There are 2 protein chains.
Amino acid sequence: MRPPDLSTRQLRAFLALAEQRNFTRAAQHSHLSQPAFSALIRTLEDSLGARLFDRDTRSVQLTPEGQLFEASARRLLDDAGQALQDLADHVALRKGRVRVAALPSLAAGWLPGVFAEYLAASPGIRVDLRDALSDACIAMVRGGEVDFALAATGAEPSAQGDLRSRRLCADGFHLVCRADHPLVREKRLTARKLAPWPFVQMARNSSVRQALDAALHPLRLNTQFEVEHLATVTGLVEAGLGISVVPALTLFHFRRDGVVTRPLPLPGLRRQLYLVQRREGSLSVAAQSLADLIVARLGELMVG
Amino acid sequence: MRPPDLSTRQLRAFLALAEQRNFTRAAQHSHLSQPAFSALIRTLEDSLGARLFDRDTRSVQLTPEGQLFEASARRLLDDAGQALQDLADHVALRKGRVRVAALPSLAAGWLPGVFAEYLAASPGIRVDLRDALSDACIAMVRGGEVDFALAATGAEPSAQGDLRSRRLCADGFHLVCRADHPLVREKRLTARKLAPWPFVQMARNSSVRQALDAALHPLRLNTQFEVEHLATVTGLVEAGLGISVVPALTLFHFRRDGVVTRPLPLPGLRRQLYLVQRREGSLSVAAQSLADLIVARLGELMVG
DNA sequence: GCGCTTTACGCTGCGCGTAAGTATC
DNA sequence: GATACTTACGCGCAGCGTAAAGCGC
């Protein structure tokens with residue numbers, strides 16, 4: 001009672017009457033019978049505690065208080081419409097912002113194509129991409145810096161308390177070496193056969209390295225280099241300074257003359273990729289739709 | 001359907017739930033049963049076309065779209081409250097502005113006391129006073145520069161087409177002269193007895209002069225001076241340079257030693273004072289209440 | 001008397017509360 | 001099994017439309 005209720009419906013009726021200055025016309029403009037419209041205005045006046053219109057049979061016009069309220073009513077109605085439109089735009093993917101963290105290998109290779117498809121369909125959405133190693137990706141999810149992450153959570157699959165993970169795919173590994181390398185002619189590749197050759201490793205905190213170490217343990221490789229970026233691996237391999245083993249989704253780095261890739265079907269040698277989000281709270285419509293697209297496209301990729 | 005309806009009630013419920021994050025508490029905060037409150041939120045979500053809350057049995061929290069809408073909702077509700085409060089303030093005379101035009105004689109003498117009383121009761125109201133001769137006063141009413149005027153419309157009392165006039169009082173006239181003037185000893189004053197003496201006239205377009213001319217016609221006075229301001233009349237009379245005849249409401253100018261005033265009950269010699277406003281459109285609450293006070297106080301004055 | 005607003009009066013349906021249902025921990 | 005949201009359901013009343021009645025010109 002202390003705060004009188006007010007609805008956009010009342011405001012629209014009020015403004016219609018203020019413009020038409022005629023109950024009958026304003027009523028049909030509002031899709032109401034004239035008596036119903038009259039009652040609506042009366043109710044509004046009562047709840048405001050002020051006469052808004054001077055009506056005598058021949059003319060209807062705003063009182064001074066009505067004029068005062070007219071300005072407020074227009075502004076309120078505009079603002080309400082704006083708020084509704086803004087929300088609708090977000091729901092309809094005409095506006096919005098999605099923040100994604102992804103492993104560098106995904107961020108550089110596979111993900112941009114999906115982003116391009118997504119942005120072509122929803123050009124009003126802004127997408128922020130942070131490329132970082134798994135742990136940093138997950139920290140960003142936890143800290144609310146990103147909506148979700150594409151990472152390789154080595155440990156707990158989906159029970160990290162405040163996180164929720166969904167397994168996307170298991171990325172198989174491939175040998176990469178020069179075309180003139182003896183291993184190319186090897187019929188059947190095994191870990192043991194790789195071990196003697198000079199090897200280019202990724203840094204120890206990379207998901208590639210961790211998957212590799214876990215699968216080959218306790219076998220020791222002949223590590224000659226340990227680098228941060230896959231592009232560096234490419235350079236070293238191409239120069240014939242070593243061989244390496246990398247996940248399928250990173251092979252785009254190695255599609256060049258003189259370099260060969262071969263599937264390496266060793267047991268347990270897969271990099272598990274997960275989509276990670278906070279447990280509490282859902283994704284925004286925009287984030288969810290991007291996540292859905294990622295899942296769908298990655299599904300196709302794995303099948304094909 | 002195209003513009004969904006929205007009410008302050010819905011916004012309050014939404015914000016209550018956003019704060020409490022618990023349907024039961026938010027419901028009793030809104031003085032509703034929990035199921036009714038639940039339905040209210042559901043209706044809001046449906047009409048907005050967006051899920052605003054993620055609810056599972058154990059926790060209720062805003063979706064990203066809900067967070068977006070929360071900011072809008074707060075602003076909308078604040079603005080609506082502001083508009084309502086502003087209107088209520090005007091109705092309750094805590095805010096407002098009244099513009100009055102009045103004859104100089106009223107503006108200088110009687111009116112300020114009424115204004116003081118009015119402003120003491122309604123300190124939030126601002127009152128603008130324009131002092132002008134009758135015609136100018138009425139022109140200001142017509143032009144919307146003032147809410148109403150206190151003037152002496154010689155001609156049409158209440159049928160000026162776009163104007164509405166209300167007769168306030170008939171201001172009787174008084175002789176003013178020096179205490180040592182022979183007329184002071186006159187038992188019974190008549191127009192003829194005044195005629196020989198040097199006379200101080202007001203300007204021809206003043207209401208005082210017009211009432212005087214109309215009542216005395218065709219008698220001619222011995223006009224020695226013709227001045228614009230009553231204060232000048234006072235000076236001339238006090239110096240013994242002439243006598244004059246002025247309305248009762250201006251006598252405050254002549255309350256000084258050596259000057260005497262005497263009622264002059266000539267037939268037809270009255271200045272009619274009117275409260276003039278536009279025909280169309282009512283006065284604001286503030287203007288109406290000031291007008292009412294003026295009428296009331298002037299009524300008492302005439303009775304007393 | 002005409003035009004427009006208000007009043008009168010059934011009626012539908014929205015929205016409430018009570019009570020039972022269901023899911024999650 | 002306790003807790004909290006949802007569904008089910010009957011009911012009252014706000015709000016609608018139709019029809020009749022004021023009320024200024």
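Since the structure is predicted, the reported quantities are computational estimates derived from the model, not experimental observations. Per chain, numbering begins at 1; letters A, B, ... match sequence-line order. When reading the values below, keep in mind they use all heavy atoms of this one structure, side chains included, and skip hydrogens, waters and symmetry mates.
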Which nucleotide in dT6(D), dT6(C), dG24(D) has an atom nearest any side-chain atom of Gln34(B): dT6(D)

How many whole angstroms separate atom CD of Glu45(B) from atom C1' of dC5(D)? 13 Å

Assert: residue with more 5' nearest nucleotide on DNA chain D, out of Leu32(A) and Ser38(B), is Ser38(B)

Between dT18(C), dT7(C), dG24(D), which nucleotide gets closest to the side-chain atoms of Pro35(B)? dT18(C)

For Arg42(A) and dC16(D), what is the distance between atoms CZ and P respectively, to the nearest whole Å? 15 Å

Arg164(A) side chain to Gln277(A) main-chain N or O, any donor-acceptor pair under 3.5 Å? no

Do Ser284(B) side-chain atoms and Ala287(B) backbone N/O form a donor-acceptor pair below 3.5 Å? yes

Asp56(B) side-chain proximity, nearest of dC5(D), dC25(C), dC16(D): dC25(C)

Counting just side-chain N and O atoms, does Arg55(B) come under 4.0 Å of either OP1 or OP2 of dT22(C)? no

Whole-Å distance between dC16(D) C1' and Leu40(A) CG? 11 Å

Please work out if Ala39(B) contacts a base, only the sugar-phosphate, or nothing of the nucleic acid, heavy-atom cut-off 4.0 Å. nothing

Whole-Å distance separating the CZ atom of Arg9(B) from the P atom of dC14(C): 15 Å

Asn22(A) atom CG is separated from dT6(C) atom P, nearest whole Å, by 11 Å

Under 4.0 Å between a side-chain N or O of Thr24(B) and OP1 or OP2 of dC5(D)? yes

Interatomic distance where CG belongs to Leu44(B) and P belongs to dG15(C) [whole Å]: 12 Å

Between dG24(D) (C1') and Gln61(A) (CD): distance, integer Å: 15 Å

Interatomic spacing from CD in Gln10(B) to CG in Leu48(B) - rounded to 0.5 Å: 7.5 Å

Rounded to the nearest Å, what distance is computed from the CG atom of residue Leu17(B) to the P atom of nucleotide dT6(D)? 9 Å

So which of Arg99(A), Gln288(A), Arg278(A) actually passes side-chain hydrogen bond (donor to acceptor under 3.5 Å, both in side chains) with Asp147(A)? Arg99(A)

At under 4.0 Å, does any side-chain N or O of Ser33(B) touch on OP1 or OP2 of dT18(C)? no

Could you go through the salt bridge (charged side-chain N to carboxylate O under 4.0 Å, His left out) check for Arg279(A) and Asp162(A) one step at a time? CA-CA 5 Å; Arg279(A) 174 169 300 281; Asp162(A) 56 340; over 6 Å; no

